[in-house]
*Asks:* 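Got a structure here, written out as structure tokens. Questions coming.
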Amino acid sequence: MTIDYYSLLAKSVIDGTHETASELTRQMLYLGFQPKEILDEGLLKGMNVVGQRFKENIIFVPQVLISARAFKVSLSLLEPFLSKTDTEGNGTVVIGTVKGDIHDIGKNIVAMMLRSSGFKVVDLGIDIRVEKYIEAIKAHQAVILGMSALLTTTMGYMKVVIDRLKQEGLQVKTIIGGAPINQAFAYQIGADGYAKNATEAIEISKNLIN
Ligand code: B1M
């Protein structure tokens with residue numbers, strides 16, 4: 001009988017059993033599964049089910065939190081493999097989740113993948129105000145600012161930040177993402193790029209600096 005490791009890992013995220021998630025992740029790495037596949041086929045598939053159940057009011061915030069913990073524990077084991085890079089020659093990206101928003105799982109994946117693609121990443125974390133973004137862009141001479149938002153109530157803050165960058169005459173490119181964001185919104189607020197996932201974020205970031 002073959003073991004379906006991906007389904008087991010997805011289930012551990014859905015159930016929020018973080019010890020099982022980390023044990024499975026360790027085993028999968030040991031067995032030679034690719035870190036990116038573990039992320040896409042195990043962890044993200046599990047988190048999609050969590051998101052759907054949350055939306056349908058089958059589960060609530062506490063259950064989502066324990067699922068997020070399982071996701072994060074497992075992701076931290078993948079991180080050394082996903083963010084391995086020989087160079088930071090593409091320049092610095094400042095990234096953070098916007099003010100009022102504490103969702104950081106997607107932003108962390110994007111940050112990790114950018115690191116693996118030759119960017120130096122300054123991750124400001126969550127709930128970030130415009131002043132903090134600007135301070136970091138100046139301090140690190142960033143070439144790209146990345147903003148993430150998961151709530152329809154916080155996505156509008158991205159425009160506040162972009163308008164302020166223009167007012168201050170900062171030459172940094174902007175890339176945005178998160179579940180409620182789309183290309184039309186990016187155009188509307190004057191962002192230079194929109195990415196629907198981490199792979200696209202890398203592609204677009206590379207295009208923006210060339
Ligand atoms: Co929240 N939550 N949540 N939540 N949560 C959503 C976003 C929601 C859609 C769930 C739902 O109702 N279906 C809903 C928003 C509805 C809306 O705005 N219309 C929602 C809500 C309502 C809330 C609260 C208000 C709930 C409450 O308190 N009543 C509250 C808000 C707190 C706040 O921020 N102020 C809240 C809280 C939480 C938890 C703390 C419990 C937890 C977050 C834990 C954490 O992040 N540390 C949580 C979670 C986990 C979710 C869902 C279930 C999953 C989000 C996630 O991590 N997905 C989410 C449902 C959903 O999105 N379907 C939901 C996995 C992640 C890999 O995907 O973040 O989309 P994602 O990132 C992707 C892409 O979007 C893209 O690449 C990533 C990788 O592929 N991307 C970028 C993201 N950022 C990018 C940046 C880029 C480029 C691409 O460039 C810079």
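Start at 1 with the first residue, then count along the sequence. Counting starts at 1 for both ligands and their atoms, in listed order.
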*Asks:* Going by heavy-atom distance to atom 70 (O) of ligand 1, choose the closest among A179, G146, P62, A111.
*Replies:*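 The option holding the nearest heavy atom is A179.
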*Asks:* Restricting to distances shorter than 2.8 Å, give the number of protein N, O or S atoms close to atom 1 (Co) of ligand 1.
*Replies:* 1
*Asks:* Out of V50, V110, I126, whose heavy atom is nearest to atom 82 (C) of ligand 1?
*Replies:*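 Among V50, V110, I126, the closest heavy atom to atom 82 (C) of ligand 1 comes from V110.
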*Asks:* What residue and atom, counting heavy atoms only, is the protein's closest point to atom 77 (O) of ligand 1, and at what distance?
*Replies:*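 Atom 77 (O) of ligand 1 sits closest to the protein heavy atom N197 CA, 3.4 Å.
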*Asks:* If you take the nearest heavy atom of each of D104, I176, I105, D40, which one is closest to atom 57 (O) of ligand 1?
*Replies:*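 Comparing heavy atoms across D104, I176, I105, D40, the nearest one to atom 57 (O) of ligand 1 lies in I105.
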*Asks:* Does A198 come within less than 4.0 angstrom of ligand 1, counting non-hydrogen atoms of the residue?
*Replies:*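 A198 counts as a contact of ligand 1 under the 4.0 Å cut-off.
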*Asks:* Out of curiosity, does I128 fall in the hydrophobic cluster containing V98 (side-chain heavy atoms, cut-off under 4.5 Å, transitive links)?
*Replies:*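 Hydrophobic grouping puts V98 with I128.
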*Asks:* Any protein heavy atom under 4.0 Å from atom 59 (C) of ligand 1?
*Replies:* no
*Asks:* Between K196 and ligand 1, find which residue part has any heavy-atom pair under 4.0 Å and reply side chain, backbone, both or neither.
*Replies:*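 The part of K196 near ligand 1 is the backbone, not the side chain.
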*Asks:* Could you tell me whether I109 approaches ligand 1 through its side chain, its backbone, both or neither, with non-hydrogen atoms closer than 4.0 Å?
*Replies:*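 For I109, only side-chain atoms sit under 4.0 Å from ligand 1.
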*Asks:* Can you confirm if the aromatic rings of F33 and Y6 lie within a centre distance of less than 6.0 Å?
*Replies:*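 Ring-ring flag for Y6/F33: true, centres closer than 6.0 Å.
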*Asks:* Which of the numbered atoms in ligand 1 are under 4.0 angstrom from any heavy atom belonging to D101?
*Replies:*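 Contacts of ligand 1 toward D101, numbered from 1: 34 (O).
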*Asks:* Would you tell me which option among G178, A195, A201, P180 has the nearest heavy-atom contact to atom 75 (O) of ligand 1?
*Replies:* G178
*Asks:* If you take the nearest heavy atom of each of T153, T152, I175, I102, which one is closest to atom 32 (C) of ligand 1?
*Replies:* I102
*Asks:* For residues L29 and F71: do they belong to one hydrophobic cluster (side chain heavy atoms under 4.5 Å, members Ile, Leu, Val, Met, Phe, Trp, Tyr)?
*Replies:*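 Both belong to a single hydrophobic cluster.
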*Asks:* Could you list which atoms of ligand 1 come closer than 4.0 Å to a heavy atom of M47?
*Replies:* 58 (N), 65 (C)
*Asks:* Going by the closest heavy atom to atom 44 (C) of ligand 1, which one wins out of A68, G193, G46?
*Replies:*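 Among A68, G193, G46, the closest heavy atom to atom 44 (C) of ligand 1 comes from A68.
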